[in-house]
Amino acid sequence: MQKTVIGNWKMHGTLESAASLASEISNYVSVSALQRTKVVLCPPAIHATKVLENIAGSTVSLGGQDCSDNEQGAYTGDISSNMLVDVGAEYVILGHSERRAGYAESDALIADKAVAAKEAGLIPVICIGESLEQRESGEYAHVLESQAKNSVPHGFHANDFLLAYEPVWAIGTGKVADNETIHVTHEHIIKQLPQGSAIIYGGSVKPENALEIMQIPHVDGVLVGGASLKSNSFNAIIAAAEQEGD
Ligand code: PEP
């Protein structure tokens, strides 16, 4: 079974550090001759071309961290899905909790972005996740159901997207959801999605917990923030994904 390991570099790095990180990861991927693991790097858009130069010749793919729902026009600061494709991206993260919270992105907007991304030829990685209050109040099942139903566009098939389950309370906090929580939650989410959809987990994934997490049923990979910024930790997570696929 294929696993997908995605690195979300967020707003970190310089051209120089992006080049070294990308080349250390792509060298590792090439030497390891991965059979079952797809690796995707999502640098800040302004570093995309530099990253692409440094993953050239490897099986590592480039992704964006967001895109507009519009094709082009007077949208200062935005990046269209076609622009991402133009620089060589194949994936785009959409609806990350930092964008839902910081930029008030709604499920409807995320679905529109996903449509634009798919039309441009990208694979959207659509993120959903509950807050700590929603987890503790028991509301989380309903919240996730509604996010999944409304952020994944109607008419999408399983191969059109990846769903990333990222509990907000586990992102960047060092608090990882326990295995049972991930298992039960992925099982619940999968029922809301087209048959055969892949779900990846995100939230404080590190080399120490990656293998365990990837062994949980219905976990088809991981979305990694902090631990994707150092090649030794990210490469160890890639190794765990490949091992689990054995
Ligand atoms: C993320 O930002 O998508 C994420 C999962 O971050 P971290 O791995 O640092 O928790």
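Counting starts at 1 for both ligands and their atoms, following the listed order. No hydrogens, no waters, no symmetry mates; every other heavy atom, side chains included, goes into these values.
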Distance-only donor-acceptor check, side chains D220 and Q2, under 3.5 Å: no

Contacting atoms of ligand 1, where contact means under 4.0 angstrom from a heavy atom of K10: 1 (C), 2 (O), 6 (O)

Region of N8 that comes within reach of ligand 1 [heavy atoms, distance under 4.0 Å]: side chain

Distance-only side-chain donor-acceptor flag, T14 / S17, under 3.5 Å: yes

Interfacing atoms of ligand 1 (cut-off 4.0 Å, heavy-atom, G172): 7 (P), 9 (O), 10 (O)

Within-shell test, H96 vs ligand 1, heavy atom, strictly < 4.0 Å: yes

Element-labelled atoms of ligand 1 that are located less than 4.0 Å from some non-hydrogen atom of G226: 7 (P), 8 (O), 9 (O)

Side chain to side chain contact (heavy atoms under 4.5 Å, CB included) partner of I110, the single match among C127, S151, P153: S151

Residue pair K38 / S61, side-chain donor-acceptor N/O under 3.5 Å: yes

Atom indices of ligand 1 within 4.0 angstrom of I171 heavy atoms, with elements: 1 (C), 2 (O), 4 (C), 6 (O), 10 (O)

Protein contact of atom 5 (C) of ligand 1 - nearest heavy atom, named by residue and atom, plus distance: E166 OE2, 3.0 Å

Numbered atoms and elements of ligand 1 in range of L223, under 4.0 angstrom, heavy atoms: 3 (O), 5 (C)

Residues H188 and E145: side-chain donor-acceptor under 3.5 angstrom: yes

Under 3.5 Å: N/O of A227 near N/O of ligand 1: no

Donor-acceptor pair between E242 and T37 side chains, under 3.5 angstrom: yes

Side-chain donor-acceptor contact under 3.5 Å, Y165 with E130: yes

Salt-bridge criterion met for R100 and E105 (N-O under 4.0 Å): no

Short N or O distance, G225 and ligand 1, threshold 3.5 Å exclusive: yes

Nitrogen or oxygen of T173 less than 3.5 angstrom from that of ligand 1: no

Location of contacts on A170 toward ligand 1, heavy atoms closer than 4.0 Å: backbone

Atoms in ligand 1 flagged as close to G203, the criterion being non-hydrogen separation under 4.0 Å: 5 (C), 10 (O)

Under 3.5 Å side-chain donor-acceptor pair for N27 and S30: no

